[in-house]
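Encoded as structure tokens, the structure appears first; notes follow it.
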Amino acid sequence: AQSVAQPEDQVNVAEGNPLTVKCTYSVSGNPYLFWYVQYPNRGLQFLLKYITGDNLVKGSYGFEAEFNKSQTSFHLKKPSALVSDSALYFCAAVRGGATNKLIFGTGTLLAVQP
Amino acid sequence: DTEVTQTPKHLVMGMTNKKSLKCEQHMGHRAMYWYKQKAKKPPELMFVYSYEKLSINESVPSRFSPECPNSSLLNLHLHALQPEDSALYLCASSRGTSGGVGQETQYFGPGTRLLVL
């Protein structure tokens with residue numbers, strides 16, 4: 001079965017420090033990988049996407065993610081966290097080239113302390 | 001304009017009521033989605049419309065009835081809901097022009113928070 005795992009329910013980081021939100025996937029074939037962010041009482045907002053090519057993907061608001069095929073990971077990173085980055089982050093994957101639904105991870109709550 | 005709008009923002013309904021949720025996008029997208037999301041959980045796909053035709057129904061109970069009157073509009077008709085149907089209902093859209101809608105970037109609306117009493 002295809003799945004996406006986000007091993008940490010919550011990540012705490014001090015403002016100004018680098019942050020990492022982890023994601024691993026189990027998807028057959030070449031995956032399309034996404035990160036979405038959800039602020040309280042809001043819908044999901046697209047951050048970035050990996051299709052193919054450069055393993056380092058740059059996205060919105062200074063976020064980036066690194067695709068690692070051998071480790072089947074797609075961790076989200078930011079060099080310097082802001083309090084306003086505090087939100088719920090979802091990693092998602094889908095098998096490329098097929099009309100399949102997006103598989104979401106369970107979500108990681110990022111809390112950035114001032 | 002990358003906005004998906006949803007109305008109403010909040011809805012309270014009894015188990016015998018009939019109500020509808022509305023979603024609209026003007027990005028020229030041809031795929032539209034309904035998701036259900038419980039608190040602090042990932043969204044669960046309910047329905048996908050592609051070119052105004054229902055392409056995916058994730059075995060959703062018949063008390064939820066989707067409708068896509070045109071390429072910009074998506075409705076979700078609700079009837080005889082149960083308290084466990086209380087959730088945030090999210091609409092999303094994507095271009096719908098690639099080989100697989102799942103691989104496209106989806107743009108989400110803010111959601112309708114539904115409470116069933």
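Residue numbering restarts at 1 for every chain, and letters A, B, ... go by the order of the sequence lines. Just the heavy atoms: all of them, side chains too, but no hydrogens, waters or symmetry mates, feed the values below. Everything quoted here is computed from the prediction, not taken from an experiment.
Connection of B/L21 to B/M32 is established within a shared hydrophobic cluster, with ILVMFWY side chains joined at heavy-atom distances below 4.5 Å, either directly or through further cluster members.
The closest side-chain heavy-atom distance from A/K77 to A/P18 is not below 4.5 Å. Residues B/Q106 and B/Y33 meet the side-chain proximity criterion, which asks for heavy atoms closer than 4.5 Å.
Contact annotation for A/Q45: neither backbone nor side-chain heavy atoms come within less than 4.5 Å of a heavy atom of chain B. Heavy atoms closer than 4.5 Å to chain B are found in the side chain of A/Y36, but not in its backbone. For B/Q37, the part lying under 4.5 angstrom from a heavy atom of chain A is the side chain only.
Salt-bridge formation is detected for the pair B/R30/B/E52: a Lys NZ or Arg NE/NH1/NH2 atom is positioned less than 4.0 Å from an Asp or Glu carboxylate oxygen. With respect to B/E58 and A/K101, a salt bridge is recorded, a charged nitrogen being found less than 4.0 Å from a carboxylate O.
In terms of heavy-atom pairs under 4.5 angstrom with chain B, the leader among A/L109, A/I51, A/L88, A/T106 is A/T106. Of the listed residues A/I103, A/D9, A/N41, the one with more heavy-atom pairs under 4.5 angstrom with chain B than any other is A/N41.
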